[in-house]
Undergrad: 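Please read through the structure below; I'll follow up with questions.
In this chain, residues are counted from 1 in sequence order.
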Amino acid sequence: MVWGTFSWHDLGPLIRVQQCLNSTTYLSIVADQVHPVMLMAYPNGDGFFQQDNEPCHGARIVQEWFQEHEGDFTLLRWLPQSPDINPIQHLWDEVKRASRQLVPQPSNLTELDSAIHQAWCQIPRITFQHLVESMPRRIATVLKAKGGPTKY
């Protein structure tokens, strides 16, 4: 499993998760990887961080950490029972497509990890910038559909 993040400015690091993504593992990723990137990219605290409703995201230790760092960036609230409009899903699709086109296909975890990282690094800047720019439309579509299915 890999975990990744992106902003309008750049792709964030891909982090290989060796074990089940629980609240402790997730908190270490956010604190050790995301937080420094957010501080660098948004030194005035005007960045936004979006996460979905994975159970580890709502854990008490994770929520407490976000409260302690609320001046560093804004955590976007993700409503329960909301449709999955998280734009990173589109980037995962890009990575999967690129990885499936490899000849020969990766034959072990090391090769697969390398292929995933290579595909991630080759995502064009315009792709993730368009995804960020699409968020107001995505949210408006969800509101119009009253939380029902959307094209996203």
Undergrad: For R97, does the CZ atom sit with more than 12 other heavy atoms under 6.0 Å from it, leaving out its own atoms?
TA: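 Check passes, neighbour count above 12.
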Undergrad: Mind checking whether Y26 and H57 have parallel, tilted or perpendicular rings, split at 30° and 60°?
TA: tilted
Undergrad: Excluding sequence neighbours, so at least two apart, what forms ring-ring contact (aromatic ring centres under 6.0 Å, His included) with F128?
TA: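 Not a single residue meets the ring-ring contact (aromatic ring centres under 6.0 Å, His included) criterion with F128.
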Undergrad: Please identify each residue that fulfils side-chain contact (heavy atoms from CB on, under 4.5 Å) with W8, with sequence neighbours left out.
TA: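 For W8, the residues satisfying side-chain contact (heavy atoms from CB on, under 4.5 Å) (neighbours in sequence not counted) are Q129, V132, E133.
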Undergrad: Where the side chain of T141 meets the backbone of R137, is there a donor-acceptor pair that is under 3.5 Å apart?
TA: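 Here the side-chain-to-backbone pair exists.
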Undergrad: Judged by atom type as modelled, is there a donor-acceptor pair below 3.5 Å linking the side chain of Q105 to the main-chain atoms of S99?
TA: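 Yes.
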Undergrad: Do the rings of W65 and F73 sit parallel, tilted or perpendicular, given the 30° and 60° boundaries?
TA: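 Rings of W65 and F73: tilted, 30 to 60°.
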Undergrad: In sequence, state the C-alpha distance, the side-chain angles, and the governing distance for T25 and Q19, and then conclude on side chain to side chain donor-acceptor pair (under 3.5 Å).
TA: CA-CA 8 Å; T25 305; Q19 67 274 9; 3.0 Å; yes
Undergrad: Apply side-chain contact (heavy atoms from CB on, under 4.5 Å) to the pair F66 and Q51, showing each step before the final yes or no.
TA: CA-CA 12 Å; F66 278 115; Q51 58 184 3; 3.8 Å; yes
Undergrad: Between NE2 of H117 and SG of C121, what distance do you get to the nearest 0.5 Å?
TA: 7.0 Å
Undergrad: Strictly distance-based, threshold 3.5 Å: is any side-chain N or O of W120 a donor or acceptor partner for the main-chain N or O of G12?
TA: yes
Undergrad: Go through H69 and M38 one step at a time and tell me if the side-chain contact (heavy atoms from CB on, under 4.5 Å) criterion holds.
TA: CA-CA 11 Å; H69 296 86; M38 292 294 287; over 6 Å; no
